[in-house]
Participant: 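Once you've had a glance at the structure underneath, I'll fire off some questions.
To find a chain, count down the sequence lines: A is the first, B the second, and so on, and within it residues start at 1.
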Amino acid sequence: MFSRCCSKFPCPGGLQTNGERGLGIDASSYLALMKSVGDHGGVQVHAHAVKRGHDRDVYLRNAILSSYAKVGHLEDARRLFDEMPEKRTPADWNSMISGYWKWGLRERARELFNAMPGKNVISWTAMVAGSAKTGDLQGARKYFDEMPRRNVVSWNAMLSGYFQNGFQDEALKLFDEMVSSGFPPDDTTWVTVISSCTARGDASFATRLMERLGLDQEHIDLNYFVKTALLNMYAKCGNITKARWIFDDLGSRRSTVTWNAMISAYCKEGDLASARELFDMMPLLERDVVSWNSMICGYTQNGQSTLAIELFHQMVSVEAGVLMKPDEVTITSVLSACGHLGAMESGKWMVEYVNKHQIKLDLSGYNSMLFMYSRCGSMDEARRVFHKVMEVKDVVSYNTLITGLAAHGLGGEALQLLSEMKTRGIEPNRVTYIGVLTACSHAGLIEEGWRVFGSIREPAVDHYACMVDLLGRVGELKKAELLIREMPMEPHSGVYGSLLNACRIHRRVDLGEVAARKLFELEPHNSGNYVLLSNLYASVGSWGDVDRVRELMRGRGVKKTTALSWVEYNGRIHEFVAGDISHEQTNEIYRLLGDLETRMRRAGYMVDDSCSLRDVGQEEKEESVRVHSERLAICYALLVSEVGSAIRVVKNLRLCSDCHTAIKMISKLEGRKIIVRDNNRFHHFVEGKCSCNNYW
DNA sequence: GTAGGGTTAG
């Protein structure tokens, strides 16, 4: 706006020399103007001011220099800085130094700082803050220790440096030092101290501190920054009532951050309705990317992946009114939602979106992408991202890929990754070993499993559960039993669950009953355990016992879990339950199913469409002969998807063995690759064979 | 009258 004004209406020459009063705009008016237009506007004020000779005013020059530096026009800022060495003030040096820090040019910042004559407390503080923000805490501390004079801002810079980098204990220690050396904390100090306590999950510590220093938390004078930090502290420490009290108390002084903190507080509590209510109440212009991210992440983390994806589409749609650009946090969350759903089409669409809009993903973003691909059954893409795209990897990246490989039964590759991460100096953690042991288990790698188990410094109960699973799956039930007896801690439900599942696979009713009894004690309301036991009875034809288990469930009021299967097609999730007749293409689906079964029988396969492993969740016996959901889902996919493409089905409960056989046949008869995810396991059916071999 | 420190999301 200003540059256009200048080019269209060149200023009369006479006024250019009349620097002090040109057109009645003096230097201080320019300064006021700059304040109102912000840094981006400030850059545009420059040309205008130069024409009137105001660039010789040191304050205005500095303001302009600062604007250039802040928006990243460092060369322009430097030109101004170099122009008139005789008029240079410490403020110019300091603006230049923090500009360099802001844009990550640490060496330039240091050079300038070293060359600066008459460094003042602001210069030193800029060095402390700059180093801390780039993660160089030692450097920051060195400047902090060496600075000849400190003020409260210097202390705050160092404190926040510790906090931002996750060293909350150091921050609190420094705060102690600060108080004992006589520096009274200000609001900013309190914000950092309270936040540090929040990060440590210790609300009472903050409260005690504030009391000790005579700061009443309900004091009316606390500024909204402090109140928001307090709100956040109570929210994170589980006192949602107190958090809400502060939120309501702030009234019109609420900022975007206050709203966001309250929204994420509700999300953390799992109270999505209240979170959404606030989100919808929030003035449209107040909503920033963090508000959207908080709500989307809230959905993802509370198992509402569909809503998360829906909200993302709302966020980027034009109808939302205010254009909102998603960032890497948004993408991380939505990719994760796609992974949880096994929604490959949506996931791919997201990746395309990222490329199209040039959103730069960080490590978490790529980890999320890895997660999405491997949960959608596309290990090739997951490997490609991991090996070819990601430059930096952390323990989460390795864990994600290893867990994915484990789910796909790719044990050897998981083992390879374990040794690779060790050579690269990335320390495996509890999760890594769960993944690797699971991988061994699914691939039947018993020796490797023992070796890995033996290498864990302090095996946790989950690792024992994995070993029981491994031993159990390959049929070593005696050894599994022995391991349980010898483990140094109390076995949890996962341990007995593995044992019971192994008994189901190997039809060991006697031992299975023992495991089930333990499980019913530990978690009497988990319907999965009853289903496992019932399936065990069914596998040996003890229908009376199957009915007994069902009675037991009813007697204890255990809720049945609906077995859902879903297929993603054309950007929509199509959901099926056993015996489903609600889908718009129901008739075609059943016709195809009947046709397939006829062909299977003709090919000499006995396929029992009642799925003799009956689902104890069904109330009525007749209902248990209803066709299982995954068969319906697969038939639907066969109808709509392209010939040659793989069929992906997600099932939220375990695939029964009759369906497993049936799907093998379908893959052969139709010449299609079928990928089924049940819980965390993948079955790749190709030409009548399944990747799980016999270890499923 | 210029320059340094603050809270929220994965």
Participant: Is the terminal nitrogen or CZ of A:Arg254 (NZ for Lys, CZ for Arg) located under 6.0 angstrom from the six-membered ring centre of A:Tyr224 and within 45° of that ring's axis?
Facilitator: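 No, cation not above the ring by the 6.0 Å, 45° rule.
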Participant: Counting only side-chain N and O atoms of A:Lys70, is one of them less than 4.0 Å from OP1 or OP2 of B:dT2?
Facilitator: no
Participant: Which part of the nucleic acid, if any, lies within reach of A:Ser333 when heavy atoms closer than 4.0 Å are counted: base, sugar-phosphate only, or nothing?
Facilitator: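 Nothing, no nucleic acid heavy atom in range.
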Participant: Reckon A:Asp327 touches a base, only the sugar-phosphate, or nothing at all at heavy-atom distances under 4.0 Å?
Facilitator: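 If one applies the 4.0 Å heavy-atom cut-off, A:Asp327 turns out to touch a base.
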Participant: Does a donor on one side chain sit under 3.5 Å from an acceptor on the other, for A:Thr258 and A:Ser255?
Facilitator: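 Yes, because at least one side-chain N or O of A:Thr258 sits under 3.5 Å from a partner of the opposite role on A:Ser255.
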Participant: Name the closest nucleotide to the A:Ser294 side chain, picking from B:dG10, B:dA9, B:dG6.
Facilitator: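 Looking only at side-chain atoms, A:Ser294 lies closest to B:dA9.
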Participant: How close or far is atom C1' of B:dG10 from atom CZ of A:Phe371, stated in whole angstroms?
Facilitator: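 So the two atoms are 13 Å apart, to the nearest Å.
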Participant: Any side-chain N or O of A:Asn232 under 4.0 Å from OP1/OP2 of B:dT8?
Facilitator: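 Affirmative; the distance criterion is met.
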Participant: Could you check whether A:Val128 gets within reach of a base, just the sugar-phosphate, or nothing at all, counting any heavy atom under 4.0 Å?
Facilitator: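 No contact.
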Participant: Within 45 degrees of the ring normal and closer than 6.0 Å to the centroid, is that where the cationic atom of A:Arg106 sits relative to A:Trp101?
Facilitator: no
Participant: A:Gln301 side chain N/O closer than 4.0 Å to the phosphate oxygens (OP1, OP2) of B:dA9?
Facilitator: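 For A:Gln301, the contact criterion (side-chain N or O under 4.0 Å from OP1 or OP2 of B:dA9) is not met.
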Participant: Whole angstroms only, please: what is the CG-P distance between A:Asn165 and B:dG6?
Facilitator: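 So the CG-P distance, A:Asn165 to B:dG6, works out to 12 Å.
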Participant: Is the shortest side-chain heavy-atom distance between A:Phe371 and A:Leu335 below 4.5 Å?
Facilitator: no
Participant: Does the aromatic ring of A:Phe225 sit over the six-membered base ring of B:dG6, closer than 5.5 Å centre to centre and tilted less than 30°?
Facilitator: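 It does: the two rings, one from A:Phe225 and one from B:dG6, meet the stacking criterion.
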Participant: Can you measure A:Tyr224 atom OH to B:dT8 atom C1' for me and round it to whole angstrom units?
Facilitator: 12 Å
Participant: My understanding is that only residues two or more places apart in sequence, or in another chain, count here; which of them pass ring pair (Phe, Tyr, Trp, His ring centres under 6.0 Å) with A:Phe312?
Facilitator: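 Ring pair (Phe, Tyr, Trp, His ring centres under 6.0 Å) list for A:Phe312, sorted by chain: A:Tyr353.
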Participant: What's the CD-P distance between A:Gln164 and B:dG6, to the nearest Å?
Facilitator: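 Going from CD in A:Gln164 over to P in B:dG6 covers 6 Å.
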Participant: Which part of the nucleic acid, if any, lies within contact of A:Ala229, taking any heavy atom under 4.0 Å across all strands shown: a base, the sugar-phosphate backbone alone, or nothing?
Facilitator: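 Counting heavy atoms under 4.0 Å across all strands, no contact is made by A:Ala229.
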Participant: To the nearest Å, give me how far apart CH2 (A:Trp93) and P (B:dA3) are.
Facilitator: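 After rounding, the gap between these two atoms is 18 Å.
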Participant: Indicate yes or no: does A:Asp136 engage A:Arg110 in a salt bridge with an N to O separation below 4.0 Å.
Facilitator: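 Yes, A:Asp136 and A:Arg110 are salt-bridged.
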Participant: Touch check for A:Phe163, heavy atoms < 4.0 angstrom, all strands: base, sugar-phosphate only, or nothing?
Facilitator: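 The residue A:Phe163 makes sugar-phosphate contact but no base contact.
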Participant: Separation of A:Ile263 atom CD1 from B:dT7 atom P, in whole Å?
Facilitator: 19 Å
Participant: Is any side-chain N or O of A:Asp92 under 3.5 Å from a base N or O of B:dA3, one able to act as donor and the other as acceptor?
Facilitator: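 A donor-acceptor contact between them is absent.
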Participant: Using a heavy-atom cut-off of under 4.0 Å over every strand shown, decide if A:Ser123 touches base, sugar-phosphate, or nothing.
Facilitator: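 If one applies the 4.0 Å heavy-atom cut-off, A:Ser123 turns out to touch nothing in the nucleic acid.
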Participant: Give the rounded distance in Å between these two atoms: CD of A:Gln304 and P of B:dG10.
Facilitator: 17 Å
Participant: When you get a sec, tell me which of B:dT8, B:dG4, B:dG10 is the closest nucleotide to the side chain of A:Thr332?
Facilitator: B:dG10
Participant: Compare side-chain N and O positions of A:Thr192 against OP1 and OP2 of B:dG6 and report whether any pair is under 4.0 Å apart.
Facilitator: no
Participant: Name the nucleic acid region contacted by A:Thr228, choosing base, sugar-phosphate or nothing; use a 4.0 angstrom heavy-atom cut-off, strictly under.
Facilitator: base
Participant: Rounding to an integer number of Å, can you tell me how far A:Ile122 CD1 sits from B:dA3 C1'?
Facilitator: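 Taking CD1 of A:Ile122 and C1' of B:dA3, I get 5 Å after rounding.
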Participant: With a non-hydrogen cut-off below 4.0 angstrom, is A:Asn151 in contact with a base, only sugar-phosphate, or nothing?
Facilitator: base
Participant: From the options B:dG10, B:dG1, B:dG6, select the nucleotide whose nearest atom is closest to the side chain of A:Asp57.
Facilitator: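 Looking only at heavy atoms from C-beta outward on A:Asp57, the closest nucleotide is B:dG1.
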Participant: Would one find a side-chain N or O of A:Lys133 under 4.0 angstrom from OP1 or OP2 of B:dG6?
Facilitator: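 Indeed, a polar side-chain atom of A:Lys133 lies that close.
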Participant: Within the 4.0 Å heavy-atom criterion, would you say A:Lys119 contacts the bases, only the backbone, or no part of the nucleic acid?
Facilitator: nothing
